[in-house]
Structures are given as structure tokens and as C-alpha cells.
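Labels below follow one simple rule: chain letters A, B, ... track the order of the sequence lines, proteins then strands, and each chain is numbered from 1.
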Amino acid sequence: MPELPEVETVRLGLAPVLEGRRILRVEARRGDLRVPFPERFAERLEGRRVQRLTRRAKYLLAGFDDGGEMLLMHLGMSGRMVVDGAGGIGGWRAPVAHDHVVIETDAGTRITFNDARRFGLMTLIAPGDVPAHPLLRGLGPEPLGDGFTAPALEAALAGRSASIKAALLDQRIVAGLGNIYACESLFRAGLSPRRRAGTVRGARARRLVAAIREVLAEAIAAGGSSLRDHVRPSGELGYFQHRFAVYGREGAGCPGCRCDPARGGGVRRIVQAGRSTFYCPVRQR
DNA sequence: AACAAGACCTGCATGC
DNA sequence: TGCATGCAGGTCTTGT
């Protein structure tokens, strides 16, 4: 499901439910996700009060007011967080397939992590280890942060012969883009996904940085994209998918030019690094 | 070092 | 209907 805007949407949905609340009970309903749960995972969380829920790239990180180890989470491809409460007529929602972790708070709410494909993970990490943790240390700048500038992007891409599309999916270059927003950002910047990454310099780099920031900010404002199964913790759908210019629109006319699908124009789908890329060959160079 | 391909896992849509 | 195939929002590992 999730790229940066979806993860940020999940964070915004979970923060009011978790921050300031004490975790009463944690249930890990299986031994592992993408990685095994740490020893005594539940016990190491129970009784502690969440201070802040933050995001780094596509990771969520819960910090506690005791300053102790933090909960690090990744939603993988199909992970979602579902919030419910005991207050309703039916009480707790009954567990369904792929409900892997249930967290109960002292506010009477429950957060369930559901992940069919199990590419997601939950683990514990000491606050001091955050920058050097193997899962986090290689991550590039936050695309919406001050560190993501055209000169910085240009430097990260310098000399790279891989396609710019593949480079944008490399979390060391910039952290948080996935397949959808890489495609959408390149469209908005007018850059061909097949262009060698090292040739994105100067005005092109400036356009790409601006496009990435705009696309991500607009997607967050729209509550992310709801394809297939992604919903917000509240159950609401995001709606940015209605604004896709190219993603999933093979054969459709591109919104930026007059290329005619009936005459072989329009949005094209190719495969790069094993992933679908959607783009307009006329508008993107 | 950088890159491409394969692996991980399940569900769904499509076509025969 | 059943079965095979290909595809899906990610990232880690392997091999060149």
C-alpha cells in the first residue's frame, strides 16, 4: 500500500490515538513478519506511555515518555492500521485474516496491524541507535525536509548510469518515494523515466525537486491514495488516486499534451528494474 | 561500487 | 467451475 504520503496519513491518523496513551496490552499473533518479533516483544511495550509518533521515510517510530526503546514499524506493501474501540454496540471488531499485531491502549482503543503479504515489520530499537540502525542508517534526505535540495539531488545522482526512475526508488537517494510517486513526479517534472540519472542536473534537478515536493504535499493533503486495500486508520479512503496523471493509466491520453491514444500516443507502460513505469513519451524527455 | 534480477508472501483479475 | 498466469503501493540479498 504505502509510500510516504500514505505512511504520513497513517501517522496523522494514529497520533491522536497513541500519543499520551499508555499501552495496556500487546498481542503478536504470529512469530514474525518480514523479520521475527524481538524477544518478549509484548512485555517490552506493555505499561508504557507513548510520547510521540514520528515518521522517517516510510517508517513509523513511536517514542515513549520513559525514554526507553522505541517501536519501529514499516507497512511493507500491504500493511494497514485499523483503529477501533470497545465503546460500540458490537464491542471489539473480531480478528480477521492477517491481523498480526493488536495494541490496546488505556483510552479503550485498539490498533490492529493487518498485513496480508507480510512485507511489513515491527521491531524495538534503542533511541540512541536510531541514526545507526541498519534499517535507517542508509536513508537519504526526507523529500519534504530542508535537506532535499537540487544541489543535493544532483550530487546524489552524479555519475549514475541507472535510469532516473530506478534512482528515485533507491531510498539512499531520496527517502520515501515508491512506484506511484516516482512516476507522478517524473511526469510533473517533464523528465523521461528512462533518462540516465546522472544527466539530471541544473534546471532539470530543480524541476524534479520541486515536482517531488509538490506531488507528495498534494497527496498528503488528499489523505494519500487508496488503491485496492489502503484505507486510513479511521477507515476513510484517501483520494489522491483520482489525480494520477500517469500511474495506472496506460493507453489513456496524457493530461499535459495532445498526444492521441487512438494514434499510438498516450500514456505508455514499460518495465524498469522489474516495476511498471507509466509515462508520456511526448511530454517527458 | 553500481546495477539488475531474484526472493520474500498473499490476493486478485484475467483468460483459457 | 477450476486452473494457470501475471500483476500489485517494498526492500533485502545475490550475482555480475
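Remark: the separation of the C1' atoms in C/dG9 and B/dC3 is 23 Å, to the nearest Å. Rounded to the nearest Å, the gap between the P atom of C/dT14 and that of B/dC9 is 15 Å.
Heavy-atom minimum distance, A/Cys259 versus A/Gly266: SG-N, 3.5 Å.
Residues forming a side-chain hydrogen bond (donor to acceptor under 3.5 Å, both in side chains) with A/Arg201 (at least two apart in sequence, or on another chain): none. When the side-chain hydrogen bond (donor to acceptor under 3.5 Å, both in side chains) test is applied to A/Tyr181, the partners found at least two apart in sequence or on another chain are A/Glu6, A/Ser225. Among residues two or more places apart in sequence or in another chain, the side-chain hydrogen bond (donor to acceptor under 3.5 Å, both in side chains) test is passed with A/Asp99 by A/Arg93, A/Asn114.
Heavy atoms from other residues, nucleotides or ligands lying under 6.0 Å from CZ of A/Arg172 number 12 at most. The number of heavy-atom neighbours closer than 6.0 Å to CZ of A/Arg52, taken from other residues, nucleotides and ligands shown, is 12 or below. For A/Glu39, the CD atom counts as loosely surrounded, since its 6.0 Å shell holds 12 or fewer non-hydrogen atoms of other residues, nucleotides or ligands.
Between the C1' atom of C/dG10 and the CG atom of A/Leu33 lies a distance of 14 Å, rounded to the nearest Å. Spacing between atom CD of A/Glu3 and atom P of C/dA8 amounts to 13 Å, rounded to whole angstrom units. Rounded to an integer number of Å, the gap from CG of A/Leu168 to P of C/dG9 is 15 Å. The interatomic distance linking A/Asn179 (CG) with C/dG9 (P) rounds to 5 Å, in whole Å. Rounded to whole Å, atom P of C/dG9 lies 18 Å from atom CG of A/Leu237. The interatomic distance linking A/Gln241 (CD) with C/dG9 (C1') rounds to 12 Å, in whole Å. Between the CZ atom of A/Arg172 and the P atom of B/dA2 there is a distance of 7 Å, given to the nearest Å. What separates CG of A/Asp115 from P of B/dG11 is a distance of 11 Å, to the nearest Å.
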Generate the contact string for nucleotides 11-16 of chain C. Rules: B means base contact, S means sugar-phosphate contact only, - means no protein heavy atom under 4.0 Å. BS----

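Under the 4.5 Å side-chain criterion, counting only non-hydrogen atoms from C-beta, A/Ser192 is not in contact with A/Leu186.
For A/Gln171 (side chain) and A/Leu169 (main-chain N/O), a donor-acceptor pair under 3.5 Å exists by modelled atom type.
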Output the pairing pattern of DNA chain C as a dot-bracket string, 5' first, Watson-Crick or G-U wobble with both distances under 3.5 Å, | for cross-strand pairs, [ ] for crossing pairs. .|||||||.|||||||

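Sorted by first then second residue, the salt bridge (charged side-chain N to carboxylate O under 4.0 Å, His left out) pairs that include residues 129-145 of chain A, not counting sequence neighbours, are A/Arg55-A/Glu142, A/Arg56-A/Glu142. Among pairs with a residue in residues 254-285 of chain A, those fulfilling ring pair (Phe, Tyr, Trp, His ring centres under 6.0 Å) read A/Tyr247-A/Phe278, at least two apart in sequence or across chains. Sorted by first and then second residue, the pairs that involve residues 108-124 of chain A and meet salt bridge (charged side-chain N to carboxylate O under 4.0 Å, His left out), not counting sequence neighbours, are A/Asp84-A/Arg110. Sorted by first and then second residue, the salt bridge (charged side-chain N to carboxylate O under 4.0 Å, His left out) pairs involving residues 176-190 of chain A (not counting sequence neighbours) are A/Arg188-A/Glu214, A/Arg188-A/Glu218.
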Please write out the pairs of protein N or O atoms and N or O atoms of nucleotides 5-9 of chain B separated by less than 3.5 Å, giving the distance to one decimal.
unit_1	atom_1	unit_2	atom_2	d
B/dC9	O3'	A/Arg118	NH1	3.4
B/dC9	O3'	A/Arg118	NH2	3.4
B/dC9	O2	A/Arg117	NE	3.0
B/dC9	N3	A/Arg117	NH2	3.4

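Taking 4.0 angstrom as the limit, A/Ser276 places a side-chain polar atom (N or O) nearer than this to OP1 or OP2 of C/dA8.
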What pairs of donor and acceptor atoms, side-chain ones from residues 146-161 of chain A against any protein atom, are under 3.5 angstrom apart with sequence neighbours left out?
unit_1	atom_1	unit_2	atom_2	d
A/Thr149	OG1	A/Ala152	N	3.2
A/Glu154	OE1	A/Gly202	N	2.9

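Using a 4.0 Å cut-off on heavy atoms, none of the residues of residues 183-202 of chain A approach DNA chain B.
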